[in-house]
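A short worksheet on the structure shown next.
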Number of protein chains: 2
Amino acid sequence: MAAPKPIRTRRKMQRVTIMDVAARAELSPSTVSLYFRKPDAVSAAASEAIARAIDALDYVPNLMAGGLAAASSRVVSIIVPSVRNAFFAETVAALQDELGKQRLQVMLSHTEYKEHDEENLVRTALSWAPAAVVLTGLSHSAATRRLLRDSKVPIVEIWELGSTTMDMAVGFHHDQVGQTAASHLIQRGRKRLLFLGARLHEDRRAARRAEGFLETARNAPGVTADIIQHPAPASAEVGGMLLNEAVHRFPDVNGIACSNDHIALGVIFECQRLGIAIPERLSVVGFGDLSFSAAANPSLTTIRPPGDLIGKEAARLIIARILNSDAQPKQAVIDTRFSLLHRQSS
Amino acid sequence: MAAPKPIRTRRKMQRVTIMDVAARAELSPSTVSLYFRKPDAVSAAASEAIARAIDALDYVPNLMAGGLAAASSRVVSIIVPSVRNAFFAETVAALQDELGKQRLQVMLSHTEYKEHDEENLVRTALSWAPAAVVLTGLSHSAATRRLLRDSKVPIVEIWELGSTTMDMAVGFHHDQVGQTAASHLIQRGRKRLLFLGARLHEDRRAARRAEGFLETARNAPGVTADIIQHPAPASAEVGGMLLNEAVHRFPDVNGIACSNDHIALGVIFECQRLGIAIPERLSVVGFGDLSFSAAANPSLTTIRPPGDLIGKEAARLIIARILNSDAQPKQAVIDTRFSLLHRQSS
DNA sequence: GATTAGAATAATAGCGCTATTATGTAGCCG
DNA sequence: CGGCTACATAATAGCGCTATTATTCTAATC
């Protein structure tokens, strides 16, 4: 007489699995799986039976099991400096919209401008065997680069263009933004220029805009230019403080470019308080074209970065790469440019 | 003579697995797994050997395999109306900071205020066996509720409080915001009040603020109040348009509450253009205390919702629930309140 | 020094799904 | 009408990890 077989293992589990669906539809699990992955390969009758079973059982697929079996997931990992920042929020939103259409999920992380955190975030991102990784900017640690290269995952670097690219990139040249701002102010007859910047020590892209600005301004005959900066994140309050410092240190200033529109808005308000006429006595150029810029008084001349387009193009590259996964991956660099919106403030 | 055994299956795989690490450290995979999950249970010598092996091999754990085996993941799924919206961006950032400390990953989705999309997003979220789900607001479809209830996953509803809660909630009462704005204007001696709102048909929380405003205003003796709205999302531009409509339709208006600070900013700019003195002829109250509100000219009286605190508290509840997963889950409702910041505009 | 609790490590058995291969079944041709 | 292709479905064998159970190995006790 055999000893009663003891129940040995007890495992947690999903309530409804693909096996339950298959049983109810009187088909094999393989066919149900196929129904999800390649619906066209399943007959109409089978499809209907499966759909009914799914509905009746309220089946929710387990994407972790699927991803493990397929050795890949439908997750796209996005790492931005900050979600609080309207620029990146716009790009993230666009990415999510476009990727969502292909049933790709967004996993979001932010570095809060601490670049050395990026490696950990990338490591965690790769733990999910993502379909692609989106990074902000071009400067990444050697370890981060190695991790990503070894993983063979498609990479898109966004919001900045430069000389090197890991895989794909979508963005624009920030030094050109600074150059454009300077050129515009000079064209408006301004000779004493300032760049007001926030957090330039951490925000490399803003720093590059400042450099481009200075370069163009100092190469122009009869024009002088300087940078005034503040370590805090950009805000209207910081903009007001910077404007005060500007008129104190450089009373003859007549052209100002700001690292972004928050700063510029602060400048506008502070000039109203100080009775400095814009644009008569002082021309102001911003960066960002934020939601308030066109409605400001005076309306703000600004340089608009195509945050939305960056997201859309990045998504397009990712999707193209995924659909063409057998083909030789080819590098892609998309320069989205930017546009100067000339309004009342200059 | 046996036929040569043909190679049958070929599978994609991770380059370095926990088995490789174990082999290199001359330990079993179990011990390596333990090293990750309960480091204290592994001897110092073993820990060191494992750490060395991980480093040498550049091992990246596969969280999908881990999640599948453990029947749970370290993902927290967050569903907000819009990441473009500074309010939610702040909360998402705070959540991410706090959850990140516990090695919990954020998976983000947005509905763009289309409530009927929420069910699909929740379904996808649940496919990852998340450790928790965070939803915005209290109104969810019956199917969404059922999905979530059946999943037994901890739920936190944020940014709104009301009579019912699915599981846990962190937020405040939006009708009280409207009441506070109205009371404040009345206290400042204003009798002809307006609420300027954007997208009230989709943004239920803004609509509730409007209701609260109207209720309090109309219950006050000698006070009249109306709502003017615009279907577009809130922006300074819309604010300017609404102010124009306001002074046209109600020339005697002397107190305005706005559905948020973008609207209020537009009102301020438009009043500057029209020569309407704030606060002498018109008092303005906003909602949000956005980055520009304190720096505006005049500085904007506004009601500050604690977006950051909401994120922190939500994270706290989630972490507490996860750490106490064996205990009876207990409902929790946290009223974060909000605060009126009295500045120059009223 | 035999006994044993406790700590550390190892073996075992899947988690739920997909990719691959195998099988069955029509449809078509010479 | 045998044989072949194309299509639909099923069987098979894991993906890389964790939870459980089993086995050591140490250290403490009498």
Side-chain angles (χ1 to χ4, degrees), chain A residues 5-23 25-50 54 57 59-74 126-129 131 151 325-326, chain B residues 5-23 25-50 54 57 59-74 126-129 325-326:
Chain A
K5 197 157 125 214
I7 294 165
R8 309 207 141 227
T9 59
R10 173 183 41 102
R11 270 313 212 295
K12 297 165 193 172
M13 54 169 209
Q14 203 164 11
R15 293 170 309 100
V16 180
T17 73
I18 203 170
M19 312 251 291
D20 300 315
V21 174
E26 298 185 304
L27 289 161
S28 73
S30 304
T31 308
V32 178
S33 175
L34 208 59
Y35 167 84
F36 283 114
R37 292 174 295 117
K38 293 172 181 167
D40 295 341
V42 178
S43 71
S47 288
E48 209 172 302
I50 293 169
I54 290 170
L57 298 173
Y59 171 63
V60 176
N62 184 328
L63 291 180
M64 292 194 298
L68 179 61
S72 74
S73 75
R74 298 192 71 77
L126 292 177
S127 298
W128 291 96
S151 74
S325 55
D326 41 333
Chain B
K5 195 154 127 217
I7 294 165
R8 309 209 142 225
T9 58
R10 173 182 39 101
R11 274 305 214 298
K12 298 163 192 173
M13 53 170 210
Q14 203 166 11
R15 296 168 309 98
V16 179
T17 72
I18 203 170
M19 312 249 293
D20 300 316
V21 174
E26 298 185 302
L27 289 161
S28 73
S30 305
T31 308
V32 178
S33 175
L34 208 58
Y35 167 83
F36 283 113
R37 293 174 293 115
K38 292 171 184 168
D40 295 341
V42 178
S43 71
S47 289
E48 209 171 303
I50 293 169
I54 290 170
L57 298 173
Y59 170 64
V60 177
N62 185 328
L63 291 180
M64 293 196 295
L68 178 60
S72 73
S73 74
R74 297 192 71 79
L126 292 177
S127 299
W128 289 97
S325 54
D326 41 333

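None of these values were measured; they are calculated from a predicted model. Proteins get letters first, then strands, A, B, ... in listed order; numbering begins at 1 in each.
- When each of B:Glu26 and A:Gly66 is assigned the nucleotide of DNA chain C bearing its nearest heavy atom, the one mapping closer to the 5' terminus is B:Glu26.
- Rounded to an integer number of Å, the gap from NZ of A:Lys38 to C1' of D:dA6 is 16 Å.
- In this structure, B:Leu68 atom CG and C:dC17 atom C1' are separated by 8 Å, rounded to whole Å.
- Separating the CG atom of A:Leu63 from the P atom of C:dC15 is a distance of 18 Å, rounded to the nearest angstrom.
- Using a 3.5 Å distance cut-off with no hydrogens or angles, the side chains of A:Ser28 and A:Thr31 do pair a donor with an acceptor.
- Of the listed nucleotides (D:dT9, C:dG16, D:dG16), C:dG16 has the atom at the smallest distance from the side chain of A:Thr17.
- Distance, B:Phe36 CZ to D:dG16 P: 15 Å, rounded to whole Å.
- Atoms CD1 (A:Ile18) and C1' (C:dT18) sit 8 Å apart, rounded to a whole Å.
- Distances from the side chain of A:Ala46 to the nucleotides D:dT9, C:dT9, C:dA19 place D:dT9 closest.
- Of the inter-residue distances, the one linking A:Leu63 atom CG with A:Leu68 atom CG reads 12.0 Å to the nearest 0.5 angstrom.
- Picking from D:dT9, D:dC15, C:dT9 the nucleotide with the shortest atom distance to the side chain of A:Ala69 gives D:dC15.
- Between B:Tyr59 and D:dC17 there is a side-chain N or O to OP1 or OP2 distance below 4.0 Å.
- Residues B:Ala129 and A:Met64 approach most closely at CB-CE, 3.7 Å, considering heavy atoms.
- Considering every non-hydrogen atom in both A:Ile18 and A:Val32, the closest pair reads CG1-CG1, 3.5 Å.
- No hydrogens or angles were tested; on distance alone, nothing pairs the side chain of A:Ser28 with the base of D:dA11 as donor and acceptor under 3.5 Å.
- The side chain of B:Ser43 contributes no N or O atom lying less than 4.0 Å from OP1 or OP2 of C:dA7.
- A straight line from CZ of A:Arg37 to C1' of C:dT18 spans 5 Å, rounded to a whole angstrom.
- Side-chain N/O atoms of A:Thr31 include one lying less than 4.0 angstrom from OP1 or OP2 on D:dA10.
- Using a 4.0 Å cut-off, some side-chain N or O of A:Ser33 falls inside it from OP1 or OP2 of C:dT18.
- Counting to the nearest Å, the P atom of C:dG16 and the CG atom of B:Asn62 are 17 Å from each other.
- Nearest nucleotide to the side chain of B:Ser30, out of C:dG16, C:dT9, D:dA19: D:dA19.
- Heavy-atom minimum distance, B:Tyr35 versus B:Ser47: CE1-O, 3.8 Å.
- Between the OH atom of B:Tyr35 and the P atom of C:dT9 there is a distance of 13 Å, given to the nearest Å.
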